[in-house]
Amino acid sequence: MRLSASFFDRDDVVQIAQDLLGKYLCTQLESELSVGRIVETEAYRAPEDRASHAYNNRLTPRTRTMFGPPGRAYIYLCYGIHHMFNFVTGAEGTAHAVLLRGIEPVEGLEFMLKRRNLSRLGPKLSAGPGVACKALGLSTQYDGISLLESDSVVWVEDRGDIVSPKDIVQGTRVGVAYAGEDAFLPWRFSIRGNLYVSPGKGLAR
DNA sequence: AAGAGGATGAACT
DNA sequence: GTTCATCCTCTTG
């Protein structure tokens, strides 16, 4: 079943990042259904989190989506090349978000492989925020799209997977060295041992 | 108006 | 391990 507003409309974005593990992110774009099991996430908590684009409630054209209602996609361009997908969470006005960092391909493998220009399955397909986004066909053109409507072309499903806390690896977020002390917050989560967890290393103390 | 830098990934050596 | 592609966003002036 599809996740509804109540799942995203919670203040504890760090908990939501964990709860998203084992859920299924689905896209139906140009009649091509693609489904990936979420295996890696990171939480970004505005306004206090210096790693967040919305640190100190910085409201700009780019970050606007994060201040909107929960259950939408915040998608931005990174390094001029890579599109990054986030789940907007928390009440409208709070700019919390969860970054998607890795999916295990489940359905529509042929579409994902085609989008990535690959012929075989493996981590290169969708382990990493940029490549996971690309595999699912997502880009900044979908920034702000709702995941909650019955006719949404991007949505999240709970297929009954139970991810035990002991199977969740917790670590520091990747690529946020600019965030000072907040770079050490243990807000990266992944499913232990999964092939589609990105190799990126967070900072160690 | 200009410049710096980024929630990365791929292709190198 | 290193380099660099590539462009948008934000800050500063």
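Sequence lines set the chain letters: A, B, ... in the order given, protein chains first and strands last, and positions in each chain run from 1. All values below were derived from every heavy atom in this structure, side-chain atoms included, with hydrogens, water molecules and symmetry-related copies excluded.
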_One character per nucleotide, please: for nucleotides 1-11 of chain C, 5' to 3', B when the base has a protein heavy atom closer than 4.0 Å, S when only the sugar-phosphate does, - otherwise._
----BBBSSSS

*Mark yes or no: A:R173 above the aromatic ring of A:Y44, with NZ or CZ under 6.0 Å from the six-membered ring centre and no more than 45 degrees from the axis.*
yes

*If you measure only the distance, is there a donor-acceptor pair under 3.5 Å linking the side chains of A:R115 and A:S126?*
no

*Identify the nucleotide, in any strand shown, that forms a Watson-Crick or G-U wobble pair with C:dA5, with both distances under 3.5 Å; if there is none, say none.*
B:dT8

*Are A:Y74 and A:H53 linked by a side-chain donor-acceptor pair shorter than 3.5 Å?*
yes

*asked:* The test is side-chain contact (heavy atoms from CB on, under 4.5 Å); show your working for A:I168 and A:V163 and say whether it passes.
replied: CA-CA 7 Å; A:I168 297 180; A:V163 179; 3.7 Å; yes

*When rounded to the nearest 0.5 angstrom, what is the spacing between CD1 in A:I38 and NZ in A:K23?*
8.5 Å

*Taking the side chain as every heavy atom from C-beta outward, state whether A:R50 and A:Y178 have any atom pair closer than 4.5 Å.*
no

*asked:* For a quick check of understanding: with a heavy-atom distance under 4.0 Å over all strands, which category does A:R116 fall into, base, sugar-phosphate or nothing?
replied: sugar-phosphate

*When you list every nucleotide of DNA chain B with an atom under 4.0 Å from a heavy atom of chain A, which one comes first 5' to 3', and which comes last?*
B:dG6 to B:dA10

*Between A:S152 and A:R2, is any side-chain donor less than 3.5 angstrom from a side-chain acceptor?*
no

*Can A:D161 and A:Y24 be counted as having a side-chain donor-acceptor contact under 3.5 angstrom?*
yes

